[in-house]
There are 2 protein chains.
Amino acid sequence: MAVTISDVARVAGVSKGAVSYALNGQPGVSEGTRDRILKVAKELGWKPNLRAKGLSSAKAFAVGLVVARDPRLLGTDPFFPAFIAGIETTLVEHEYALVLTVAASADAEELGYRKLAADGRVDGVILTDMRVEDSRIALLESLKIPAVTLNRPETSSPFPAVCMDDTEGIAAAVEHLVSLGHTKIGHVGGPQSYIHGRSRRLAWQNAMSKAGLEAGSFIEADFTAAGGLAATAELLRSAQRPTAIIYANDLMATAGQSYAQSLGLSVPDDLSITGYDDTELATYLNPPLTTVPADPLLWGRVAAQKLLSLLGGAPAEDVYLPSPKLVVRASTGPVPRTPKN
Amino acid sequence: MAVTISDVARVAGVSKGAVSYALNGQPGVSEGTRDRILKVAKELGWKPNLRAKGLSSAKAFAVGLVVARDPRLLGTDPFFPAFIAGIETTLVEHEYALVLTVAASADAEELGYRKLAADGRVDGVILTDMRVEDSRIALLESLKIPAVTLNRPETSSPFPAVCMDDTEGIAAAVEHLVSLGHTKIGHVGGPQSYIHGRSRRLAWQNAMSKAGLEAGSFIEADFTAAGGLAATAELLRSAQRPTAIIYANDLMATAGQSYAQSLGLSVPDDLSITGYDDTELATYLNPPLTTVPADPLLWGRVAAQKLLSLLGGAPAEDVYLPSPKLVVRASTGPVPRTPKN
DNA sequence: ATTAATGACTGAACCGGTTTAGCTTAGTCA
DNA sequence: TGACTAAGCTAAACCGGTTCAGTCATTAAT
């Protein structure tokens, strides 16, 4: 069996309580005794038992993340693994663990949070993929679980948000394309029920009108390759056929690019394309993709920091991360003189 | 405060012990009393407190996964998210949770396991990315943590392995290319320190000799897009330049394909390409990629099942999953008459 | 009829910590 | 000198379960 606090107490010749005080740096023991207890604890190789600690202090020393995605499509999104890695870099420093739940449906998602709460598995959670009407806010309030959200939801939320503005990058993409002579710039967006799907569309729209252009065609897709392909097909056969398309993520952009090429179009000679995320693959495509880095690693790290400080009693203030800058590669070029069919 | 077992005992007019027996379906209470206790528990809305349960039974009701990857590259591998989703589908049914740790280095990986063990965070772990000389086996034995491995490691292991044979798919890729007339078939493999990097290379090698061909050029890459590109470049400028390349994963294949195209080569007219994984994107590339599905979802589900049954005392027998079959798409075609430069 | 065995249940110990209440002892001040 | 205070520590309760040892009544065996 492992060394317990009682073993330390016995060897040091004091009571359990004194050991607890000493180990937690609390008053109630003299300097001399404290040092002696600490020394004995070290000699015996004492390690706190998390379960016992959790039972008496009603804490889990863990934070939760519920990922709501179709499991089959989860692998296609490069955001989560890197985001999780970012969370971890913070957690390891604080002896916290990450409990991950994957939910296939909205119901399963809610159930996921309820279970984490009911079982006391976590002390707080991180909310990703914020939705325009997000029922999770109220749910977590009722469950009394502290949370941190990625970007500020539109509904009022008592939880701190870790914000990374994506409108600047999209606006830069529009300006970049406009400077190349494009006037018909379409947008293949994510679901508008997500705030990042929405904000990217609005950013595109605003940047267009700022440039004195009509917003042009918008198609609501679903962040998947299949959705990106279908949306691209629709845009390319539309009357107002664009010469450039801004996609809300790299996956859709990649699928769109491949589809355009399969039609015999050249990217960027016949069609310019931009993505969002800057996945590793983006650099290695033919042509390499002009895109906006999302930096999920940083986002995860800061979100976890914010959550831990919130658990420590810090005030719930929002954090603003630097806006990612457009990375120009070869998938964007001058507007074609005579569009090809 | 939540309803405790003592509350149930008081209301039902019995002792705590009787309630515990009744709720766990253990002998020691009569049918009538048991029903009464169960009824009271339900009425009061009693839910077991995991922490308390864990403290007395010395269990965590969670399993662990330590992912050792460069966090920056983690997002590029579609395997993990889907694998994790598979694990979850099993765990939710058994009221278990998944504790995820991300490690950037080998040292951090070992520390990750040690911490999970020391803190009693998990009752067992799943080992992925098995290496030829895998020190984790001995480590987990010494930490006394039950484990399940993905495929059987070469070093002797007391842990059950959940095996999915990848040699059949690679062999099928070779046969497919041979039937198209290819004789010079290269291989861009993963690190040979990984058993799946090694087994795929051996499968390629064996299939080649079985077809009466020389094995041809092999390059050891690292499963990344950058590595795939570099390896492809090396193969294409070699004296024994292949007309077809079998990659150990889709990411390298995609990077290789894009690179070949950027040189002005046509895939598959000048160069045939196959991958491994069958990521969502594979279907949407231009041309769509001939590849072998890895089914990480199934693998995760079964691995978790095996681990839970192991924790339940079941014998440590290996499980064999069906070998995935080659999916032929448009990235493979007849051998070119006169190879282009 | 006596003893043994069984079933149903209780009380208390236990898991390994935290925390409260209380007890000594020494020091301060009037 | 006596009352009061504070520091330093102990004993015990507590968190919410599990489990062991023992009590008592009933039934079976001799």
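Rounded to an integer number of Å, the gap from CD of A/Glu31 to P of D/dA7 is 14 Å. Between A/Leu50 atom CG and C/dC15 atom C1' the separation is 14 Å, expressed in whole Å. Look at CZ on B/Arg51: it is 14 Å from P on D/dC15, rounded to the nearest Å. The nearest whole Å value for the distance from the CG atom in A/Asp119 to the C1' atom in D/dG16 is 14 Å. Between the NZ atom of A/Lys16 and the P atom of C/dT19 there is a distance of 13 Å, given to the nearest Å. With rounding to whole Å, A/Phe61 atom CZ is found 13 Å from D/dC15 atom C1'. One atom, CD1 of A/Ile5, and another, P of C/dG17, lie 5 Å apart when rounded to the nearest Å. Atom CZ in B/Arg10 sits about 17 Å away from atom C1' in C/dT10, given to the nearest Å.
Between C/dT18 and A/Ser20, a contact under 4.0 Å exists linking OP1 or OP2 to a side-chain N or O. Contact check, A/Thr4 against C/dC15: no side-chain N or O comes under 4.0 Å of OP1 or OP2. Proximity of B/Ser15 to the phosphate of C/dT10: a side-chain N or O atom is located under 4.0 Å from OP1 or OP2. At C/dT19, none of the side-chain N or O atoms of A/Ser56 fall inside 4.0 Å of OP1 or OP2 (strictly under the cut-off). Under 4.0 angstrom from either OP1 or OP2 of C/dG16 there lies no side-chain N or O belonging to A/Trp46. Side-chain N/O atoms of A/Ser6 include none lying less than 4.0 angstrom from OP1 or OP2 on C/dG17.
For the pair B/Arg131 (side chain) and B/Pro153 (backbone), a donor-acceptor distance under 3.5 Å is absent. Listed for the B/Arg36 side chain is a donor-acceptor partner under 3.5 Å among the backbone atoms of B/Ala12. A donor-acceptor pair under 3.5 Å is absent between the side-chain atoms of A/Trp299 and the main chain of A/Ala82, judged by distance alone. Judged by distance alone, with hydrogens and angles left aside, the side-chain atoms of A/Lys306 form a donor-acceptor pair with the main-chain N or O of A/Glu317 at under 3.5 Å.
Residue B/Gly17 is the one, among A/Asn24 and B/Gly17, whose nearest nucleotide of DNA chain C lies closer to the 5' end (criterion: closest heavy atom). Residue-to-nucleotide proximity on DNA chain C shows that, of B/Gly13 and A/Lys53, the 5′-proximal contact is made by B/Gly13. The nearest heavy atom of DNA chain D to B/Leu55 and to B/Gln26 marks one nucleotide each, and the one closer to the 5' end goes with B/Leu55.
In this structure, CD in B/Glu133 is found 8.0 Å from CD in B/Glu154, a value given to the nearest 0.5 Å. To the nearest 0.5 angstrom, A/Leu55 atom CG is 12.0 Å from A/Leu50 atom CG.
Counting non-hydrogen atoms under 4.0 angstrom, B/Lys59 reaches nothing in the nucleic acid. Heavy atoms of A/Val19 sit nowhere under 4.0 angstrom from any nucleic acid atom. Within 4.0 Å (heavy atoms only), B/Gly120 reaches no atom of the nucleic acid at all.
Of the candidates D/dG17, D/dC9, C/dG17, the closest approach to any side-chain atom of B/Ala52 belongs to D/dG17.
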